[in-house]
Amino acid sequence: MLSFFDYALALCGILLLAALSGYVSERAGVVNIGIEGMMSIGALVTAILGSVINKNGGHNLSQIWIVIVGGVVGAIFALLHGFASITLKSNQVISGTALNILAAGIAMFFATSGFFGPNATDIPTNFKPMYVDSKHVLPVWLIVVLAITILLFIFFTFTKFGMRYKMVGENPNAVDAAGISVVKYRYIAVLLSGFLAGLAGGIMICTIVGGGIFGGTTFGLGFLGLAILIFGQWNIIYITIGSIAFAFLYTLGNQLGTLTTNESLKANAAAFKMLPYILTIVVMVIFSKWSHAPAADGEPFDKAKR
């Protein structure tokens, strides 16, 4: 059972970061469908640097700064979405979708190129999961993600800057009339969103979820993060609860075959792998009717409407 909880806890941190990536972007009124792509870029950068720095497995702690670099590159990549959706006022859904396609192509090319490892199917980093305790139960990266979550909750709930940030997604014209730059806040939101998504991709590589290798995909975890955002009603507390639920369901679907002695369940274990994806569709259909997204979410800012 240790591996089940180990995997589920690591996945919880990744999904929570992915959902928070969408949260910080949409709180400022910018829809971010491109979380999956930003995660792929963060994972790719982490894998490439890891394959060089930790080639022989002797520099496992280097994953700390390498994952941060992956987050920074994810933020830079997110500027493409910011430029298209904020400066050019393009459709934000289309921009995010294009970003996903672009990132998938880049990630798959490098992962299968054979430039960074002996196999032309993946990029090996030799990174091993880090734990807070000696029994290998509590992942270090989960603690980091929880700290980020608490800081964001405090920022958006108790700080003046956080209140302004949220108002940009609710009533940008009123914020603009008060002399606050809507464009600046939205670019900050997109950068922060890309950074968190890049971190999520890098953490995936460095935990049991990624197994220390990158094969060119982040397994749709970015899209699961979006589903959790909707499930959580753009509320950090509910998003955290949703991340835990999704993580354990996803893990159950992937490891059911090894968790039971029932031959019938084992024979149909593959079917249970669909659980998190089916739940994603169900959640989006049920909760979208009562979802309370920021009022200006997805709407390009137009000064003329003041």
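Quick note: numbers below take in every heavy atom, side chains included, and nothing from hydrogens, waters or symmetry partners. Here the structure is a predicted model, which means the values were calculated and not measured.
Taking the side chain to side chain contact (heavy atoms under 4.5 Å, CB included) definition, one finds that T251 meets it with F4, Y7, A8, L11, Q255, sequence neighbours left out. Every side chain to side chain contact (heavy atoms under 4.5 Å, CB included) that I148 has, sequence neighbours left out, goes to L17, V144, L152, L196, L199.
A donor-acceptor pair is defined here as one N or O able to donate and one able to accept, closer than 3.5 Å; such a pair exists between the side chain of N54 and the backbone of T125.
Under the 6.0 Å cut-off for aromatic ring centres, F156 and Y165 qualify, their centroids lying closer than that. A distance below 6.0 Å separates the ring centres of F161 and Y185.
Residue F127 holds its CZ atom at 8.0 Å from CD1 of I53, rounded to the nearest 0.5 Å. The distance from the CD1 atom of I244 to the CD1 atom of I239 is 12.5 Å, given to the nearest 0.5 Å.
More than 12 heavy atoms of other residues, nucleotides or ligands shown are found within 6.0 angstrom of OH on Y131.
A donor-acceptor pair shorter than 3.5 Å can be found between the side chains of S193 and S21.
Looking at Y23 and N235, their side chains never come closer than 4.5 Å, going by heavy atoms from C-beta outward.
Taking each heavy atom of V69 and V45 in turn, the nearest pair found is CG1-CG1, 4.1 Å. Residue N60 comes nearest to K128 through the heavy atom pair OD1-N, 2.7 Å, listed as atom of the first residue, atom of the second, then distance.
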